[in-house]
Amino acid sequence: MHKGKGMKFVGDSRITAERKPNIPKDYSEYPGKTEAFWPNFLLKEWLVGAVFLVGFLCLTAAHPAPLEGIADPTTAGYIPLPDWYFLFLYQFLKYEFASGPYFVIGAIVAPGLAFGGLLLAPFLDNRPGRKVSQRPIAVSLMILGIASVFWLTYESAAHVDWETRAEQNTPEMPVEVEIDESHPGYEVYQNNSCIQCHGESLEGGAAAPALTNIDLSVDEIKDIAVNGIGDMPPGQFEGSDEELQQLAEFIVQVNESGD
């Protein structure tokens, strides 16, 4: 600067004066600046995310999540569990201060405050420094949130016998059975309206159970057809004794072919 002559500006030759389209300025040697967000920083974020995504997909392919049996509303002893990423909330609702008459606190108020605190963390602590010591509020909230989720998840999973639960709730694959439509009992099965409730392949339905994978004798099936069982009232079979014998033999034959 020369007195009386005004101010003279000196340009930095390391940064071009003209900004070209889609090419960010080079801040690598310019003091006080960082790299450009697009595409330098964002590309690194995408690469790291892609590595974690591929690793996660390989983990799920190598160790697939176990599936449980089909939901059965008639089973009163079944205890449902949420997915693993909701186990911490499941455990939190077991405590007295978050269940029963205080259910609203455990289900809405407490989780809302927790997630709301994490959302407000960047605004509560907006210091420019990146060191942990320079961001005490944001770091404290994040550590508290992670520790709470890990501890509650561990407490919930520790009280579950996963092996026994998997054995009890393993889905049973349907067994393919061969239906001999030439059998005289199949015609009786159709004519007595059995097919309407138990299905064409004896697979069962909403109104009646399946007639496959059952270990019953001919006499037992005849007794059930005449006297009923469970939700099936007596007197459903209308036919002769010979047709009843053919029907029972047909059902037994179907179950023997599926073994």
Side-chain angles (χ1 to χ4, degrees), residues 34-172 206:
T34 59
E35 62 181 338
F37 177 77
W38 170 266
N40 301 19
F41 180 78
L42 194 57
L43 180 60
K44 294 179 181 179
E45 293 289 314
W46 284 348
L47 291 176
V48 173
V51 171
F52 275 94
L53 178 60
V54 171
F56 182 76
L57 293 177
C58 293
L59 181 62
T60 56
H63 303 281
L67 299 178
E68 295 191 354
I70 300 175
D72 185 4
T74 62
T75 303
Y78 177 78
I79 301 177
L81 281 178
D83 292 322
W84 62 268
Y85 42 83
F86 284 130
L87 281 178
F88 70 98
L89 288 176
Y90 176 75
Q91 177 65 24
F92 185 72
L93 292 175
K94 294 181 181 179
Y95 300 124
E96 295 182 0
F97 59 84
S99 60
Y102 308 105
F103 174 76
V104 176
I105 297 178
I108 300 177
V109 177
L113 292 176
F115 288 105
L118 294 178
L119 291 174
L120 293 176
F123 303 97
L124 297 176
D125 193 351
N126 55 1
R127 302 177 186 181
R130 293 188 176 185
K131 294 182 179 181
V132 175
S133 58
Q134 297 176 347
R135 306 293 298 274
I137 299 178
V139 172
S140 300
L141 291 175
M142 184 59 66
I143 292 177
L144 179 62
I146 294 176
S148 300
V149 170
F150 269 84
W151 172 253
L152 292 174
T153 303
Y154 172 78
E155 283 291 305
S156 180
H159 294 83
V160 179
D161 188 352
W162 296 102
E163 295 182 359
T164 304
R165 181 180 179 84
E167 294 177 358
Q168 294 176 347
N169 301 313
T170 301
E172 297 181 0

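Values below: all heavy atoms of this structure, side chains included; hydrogens, waters and symmetry mates excluded. Every value quoted in this text rests on a predicted model; they were computed, and no experiment measured them.
- Classification of the Y95-F97 ring pair by plane angle, with boundaries at 30° and 60°, yields parallel.
- Looking at P111 and L89, their side chains come closer than 4.5 Å, going by heavy atoms from C-beta outward.
- With values rounded to the nearest 0.5 angstrom, Y102 atom OH is found 9.5 Å from E96 atom CD.
- Interatomic distance, CZ of F103 versus CD1 of I108, reported as 7.0 Å (0.5 Å rounding).
- Across all non-hydrogen atoms, the minimal contact from T60 to L57 is OG1-O, 2.8 Å.
- L141 CG to I146 CD1: the interatomic distance, rounded to the nearest 0.5 Å, is 11.0 Å.
- To the nearest 0.5 Å, atom NZ of residue K94 and atom NE2 of residue H159 are 7.0 Å apart.
- Of all non-hydrogen atoms in F92 and A98, the two that sit nearest each other are O-CB, 3.4 Å.
- Taken to the nearest 0.5 Å, the CH2 atom of W84 stands 9.5 Å off from the CG atom of L87.
- Between L93 and A107 the shortest heavy-atom distance is CD2-N, 3.8 Å.
- The backbone N or O of T153 sits nowhere less than 3.5 Å from a side-chain atom of S156 that would complete a donor-acceptor pair.
- Atoms CG and CG, on L118 and L113 in that order, are 11.0 Å from each other to the nearest 0.5 Å.
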